[in-house]
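Keep in mind that the numbers below use all heavy atoms, side chains included, and drop hydrogens, waters and symmetry copies. In what follows, every chain begins at residue 1, and chains take the letters A, B, ... in the order their sequences are listed. Small disclaimer: the values here were computed from a predicted structure and weren't measured.
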2 protein chains.
Amino acid sequence: MTDGAGLSDRELRTWRTFLGVATVLNQQVEQQLKDTAGLSHPQYEVLARLSNAPDGELRMTELAGIALTSKSGLSYQVAQLEKAGLVQRRPCATDERGIVAVLTEAGWAKLRESAPNHLALVRSAFVESLSANEFAALTAAVDALGTHLGLTGETVTALRVQS
Amino acid sequence: MTDGAGLSDRELRTWRTFLGVATVLNQQVEQQLKDTAGLSHPQYEVLARLSNAPDGELRMTELAGIALTSKSGLSYQVAQLEKAGLVQRRPCATDERGIVAVLTEAGWAKLRESAPNHLALVRSAFVESLSANEFAALTAAVDALGTHLGLTGETVTALRVQS
DNA sequence: GAATGATTGTTCAAATTCGAACGACCGGCT
DNA sequence: AGCCGGTCGTTCGAATTTGAACAATCATTC
């Protein structure tokens, strides 16, 4: 049974569930980060991305691309993180226009402190809701979607919290 | 290879891809709705949910629950839609506190006009990125996730645009 | 080496989001 | 009838997001 656009009920239902699941997971992650670390999800994302980069530093534009946020949005969040002392800005050596954001020692510490709780939540709410087969199938599906949407490997690279 | 929380690289990568895919899909949908219909995604959501309800009307709280938004967020969006003439508010007959939001004729028209494009985008960016098997597996996975996250059938029910 | 078009990052206004506080009302109880 | 904990929807302020505009710098071309 399809409607005008040829989308079946089942397809539409999957789409809606997909959106709903993403929304609720985001809400839960947001909530937990706020409660246990005083960070928003975007802020955690910035810290995590930086921690994954060589020397814990990245150009603003690279960071914006990877974190899937707009340039102005990133400016704002990095300003917040700088106020909190978790990130520092310094001029880029090779490009007079550029700014590199660097994790401070406090930034590393915050990440080491908050990552375990965060990852445990991801595990319990996301990974462990699925059987091994389901999880593998989900991986294949989102990989295919990511490819079609032009998500780069960079965007998606696993984040390793160094200690 | 796992980190402190016991989340493997592969699991983390799947999580990141899942978030990235959801983000990009949302951005594309948002963009298209804005361009072709002058609606935000939340606004479209409200119209679609109403269209799916008997008589095109729902109590505010029901609508907020289904649309996965906060009460105050819904108040704001319904106010915008009312300004645009797509939705009307009227008091609830059986509960003096209650407000029911109703689709106006213009609201029905807007939805009939914008749904085909929207659904075509969902089809091309979401459904058609996957093989039939992948799509079925994704459906099973998000259903399982939705169940574990407590998403009700209501929240997720397929939306039929009536004509 | 000057000119030109693109890129970098910030700033601004406008729109949107959330949670807390609020007044109004419901329903059950006495 | 009167009380009382709970629910309904709105409003408020604060935080955040977005795109457009901007000055500064780059890089390519002439």
Apart from B:Tyr76 itself, residues in the same hydrophobic cluster as defined by side-chain heavy atoms under 4.5 Å: none
Sorted by number, the residues of residues 21-34 of chain B with heavy-atom contact under 4.0 Å to DNA chain D: none
Any pair counted as salt bridge (charged side-chain N to carboxylate O under 4.0 Å, His left out), so long as it reaches residues 62-82 of chain B, sequence neighbours left out: B:Glu82-B:Arg89
Separation of [N] [atom2] from [X] [atom1] (nearest whole Å):
{"X": "A:Gln77", "N": "D:dT17", "atom1": "CD", "atom2": "C1'", "value": "9 Å"}
{"X": "B:Leu68", "N": "C:dC18", "atom1": "CG", "atom2": "P", "value": "10 Å"}
{"X": "A:Glu45", "N": "D:dT17", "atom1": "CD", "atom2": "P", "value": "12 Å"}
{"X": "A:Gln43", "N": "D:dA15", "atom1": "CD", "atom2": "C1'", "value": "10 Å"}

Heavy-atom protein contacts under 4.0 Å, nucleotides 5-10 of chain D, coded B base, S sugar-phosphate only, - none: -BBSBB
Touch class at under 4.0 angstrom, heavy-atom based, for A:Thr69 against every strand present: sugar-phosphate
Parallel, tilted or perpendicular: ring planes of B:Phe135 versus B:Phe126, cut at 30 and 60 degrees: perpendicular
Under 3.5 Å: donor-acceptor pair, side chain of B:Thr104, backbone of B:Leu86: yes
A:Gln80 vs D:dT16: side-chain N/O to OP1/OP2 distance below 4.0 Å: yes
Within-4.5 Å side-chain heavy-atom neighbours: B:Leu119 and A:Leu12: yes
Check nucleotides 2-4 of chain D against the protein and report each pair of N or O atoms closer than 3.5 Å, with its distance, or say if there are none.
none

Nearest-0.5 Å distance, CD of residue A:Glu57 to CG of residue A:Asp55: 5.0 Å
For B:Asn133, all residues meeting side-chain contact (heavy atoms from CB on, under 4.5 Å), sequence neighbours excluded: B:Ser131
